[in-house]
Student: 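I have a structure here, written as structure tokens, and I will follow up with some questions on it.
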Amino acid sequence: MSNQSSGGQPPTGADHFSRSGFIFAAIGSAVGLGNMWKFPYITGKYGGAAFFLLFVIFLVLVGLPVLLAEMTIGRGGRGSAYTSFRNLSKVKVWGTFGFLAILGAFMILSFYGVVAGWTLHYAFLSFTGSLFSSSDYGGTFASFSGSYVPVFWLLVVMVLTGWVVARGISGGIEKFNKILIPALLVILLVLMGRALTLPGAMEGVRFFLKPDFSKLTAESALVALGHAFFSLSLGMGTMLTYGAYVDRRQSLGGAAAAIGLGDLFYALLAGMIIFPTSAAFALKADQGPSLIFVVLPAAFGAMPYGTFFGGLFFVLLAIAALTSAVSLLEVPVIYAMEKWKLARTKAAWGTAALIFLVGIPSALSVGGPLSRFTLGGKTYFDLLDFAASNVLLPVGGLVVTLFTGYAWKKAGEEAGLTGPLYRIWLFVLRYVAPVMILLIFLYSLGLFG
Ligand code: PFF
């Protein structure tokens, strides 16, 4: 295996994505807890359909061009987020920025894996019925997250993702996503059928789909923009890394459009489950992060066959989370393979083990034994989330736009864009996206009060 294989060959030689395999894997990365957990509650909080509309606009106008740019760097550079930049430019600092993205993916996975573990635990509780043995769902969540049990589930998550990544691109990541992404769709449709036939469900649909523009503020716009980035997995090197395994002949523009559509579609379906379900049981859908672990179990507990539907719902979340986790793990794994000339299996298991260790304090700091240790009011979990999502992610996004917009002159050629489409793309990368990203960044640092 060579680590400087720019031009033509994927970084691990023969192992690469098939056309559809790449789309499935990228949709698997994009569709995650962001769609199923964060999207519904921020939509509830920031204006329902009006917010959704903004999200769609930002996703198409800013998200897709940046997504295309990220995949283009990977396919052009044929390496990790570090090596791809180094292969495409002599200026070393781009590589340093690429390295930051690798660090970011590592950090995100260490707490994203914790939440993924919660969903597995809840699937288990739900199928066995013990979730519904008491109606104090807030208490159930608090006693679970306050115990050592989340560490066990983090371990399960890291073993699963490590196993998939160790099996490689076509035999591991591609296969995993090709099975689970269609399965996710089936589960979403079953749950949507259940949700929409609940008495009173239509009120939730109305809330989700009827725009209330009076709730739109500058803040909701920034949240929508930030979420468009997070939802498309941008700025963390995941799409770049997947891009490195794509065939030269595949159209990246077409792929970006398919991934964006897929991401939107799954978010829409998730909304069509969560809002009707909450409305049918007169539960509020804007209650922040606790929505899916505290509010929705109450709904499942009260509906016929709730044990089954509740279990299915948490399996859905777990699948969405795991396919994203796999993409995050691949980012540092390919770097370790290049840097230390490790075999994929060793790199995958070693990195997964490290992330597990780094994630343990996160697993113990949401109401757990470590939640007393805070810095500036933030627990270890919050700090990692903040550093990765609010600092490294925007920086990563900015680097991608500036690199393709200004530094790498052959980006358009690699992306397969010509004529007006190319000019629009370049315009967005040069002027629109950097300003937008800077705004999200300043907002998330609290600079707008
Ligand atoms: N896009 C994922 C979600 O919506 O849950 C989260 C994510 C995955 C963000 C990978 C960033 C990333 F690199």
Side-chain angles (χ1 to χ4, degrees), residues 24-43 55 58-59 63-64 66-67 69-71 73-74 80-81 98 100-119 157 161 165 173 177 180-181 184 223-244 256 259-260 262-271 289 292 316-335 355 384-397 399-400 437 440 444:
F24 275 112
I27 290 181
S29 173
V31 175
L33 293 168
N35 302 58
M36 312 288 162
W37 173 47
K38 201 168 171 199
F39 170 73
Y41 86 73
I42 55 178
T43 304
F55 172 67
F58 286 139
L59 189 109
L64 291 189
V66 179
L67 171 64
E70 211 179 304
M71 298 186 305
I73 297 173
S80 68
L100 283 185
I102 299 174
L103 205 66
F106 186 96
M107 281 163 62
I108 286 208
L109 184 50
S110 77
F111 65 83
Y112 197 85
V114 171
V115 185
W118 295 351
T119 65
V157 168
T161 44
V165 172
I173 297 178
N177 280 288
L180 290 185
I181 293 302
L184 204 60
V223 172
L225 185 60
H227 189 64
F229 264 78
F230 184 77
S231 191
L232 287 175
S233 302
L234 299 178
M236 285 293 141
T238 48
M239 293 301 186
L240 187 158
T241 305
Y242 275 0
I259 297 160
D263 187 47
L264 259 183
F265 184 62
Y266 279 88
L268 197 66
L269 288 182
I292 57 172
L316 167 91
L317 293 176
I319 294 178
L322 286 172
T323 51
S324 298
V326 161
S327 76
L328 284 164
L329 182 59
E330 177 63 20
V331 176
V333 165
I334 174 181
Y335 177 75
I355 293 177
L384 275 189
D385 181 12
F386 183 81
S389 316
N390 299 15
V391 182
L392 291 176
L393 199 136
V395 170
V399 168
V400 166
I437 295 171
I440 315 180
S444 65

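Start at 1 and go down the list; that is how both ligands and their atoms are numbered. We use all heavy atoms of the structure for the numbers below, so side chains are in, but hydrogens, waters and symmetry mates are not.
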Student: Is Ser29 reaching over with its side chain to a backbone N or O of Ser327, donor-acceptor style, under 3.5 angstrom?
Tutor: no

Student: With heavy-atom distances below 4.5 Å as the criterion, would you say the side chains of Trp37 and Thr119 are in contact?
Tutor: no

Student: Ignoring hydrogens and angles, tell me if any N or O in the side chain of Ser324 forms a donor-acceptor pair with the backbone of Val31 under 3.5 Å.
Tutor: yes

Student: Spell out, as yes or no, whether a donor-acceptor pair under 3.5 Å connects the side chain of Asn35 to the backbone of Ser231.
Tutor: no

Student: Return the set of residues passing ring-ring contact (aromatic ring centres under 6.0 Å, His included) with Tyr242 (not counting sequence neighbours), or none when no residue passes.
Tutor: Phe17

Student: Classify the ring geometry of Phe55 against His227: parallel below 30°, tilted from 30° to 60°, perpendicular beyond 60°.
Tutor: tilted

Student: In order of chain and number, which residues sit within 4.0 Å of ligand 1 by heavy atom?
Tutor: Ser29, Ala30, Gly32, Leu33, Gly34, Asn35, Tyr112, Phe230, Ser231, Ser233, Met236, Thr238, Ser324, Leu328

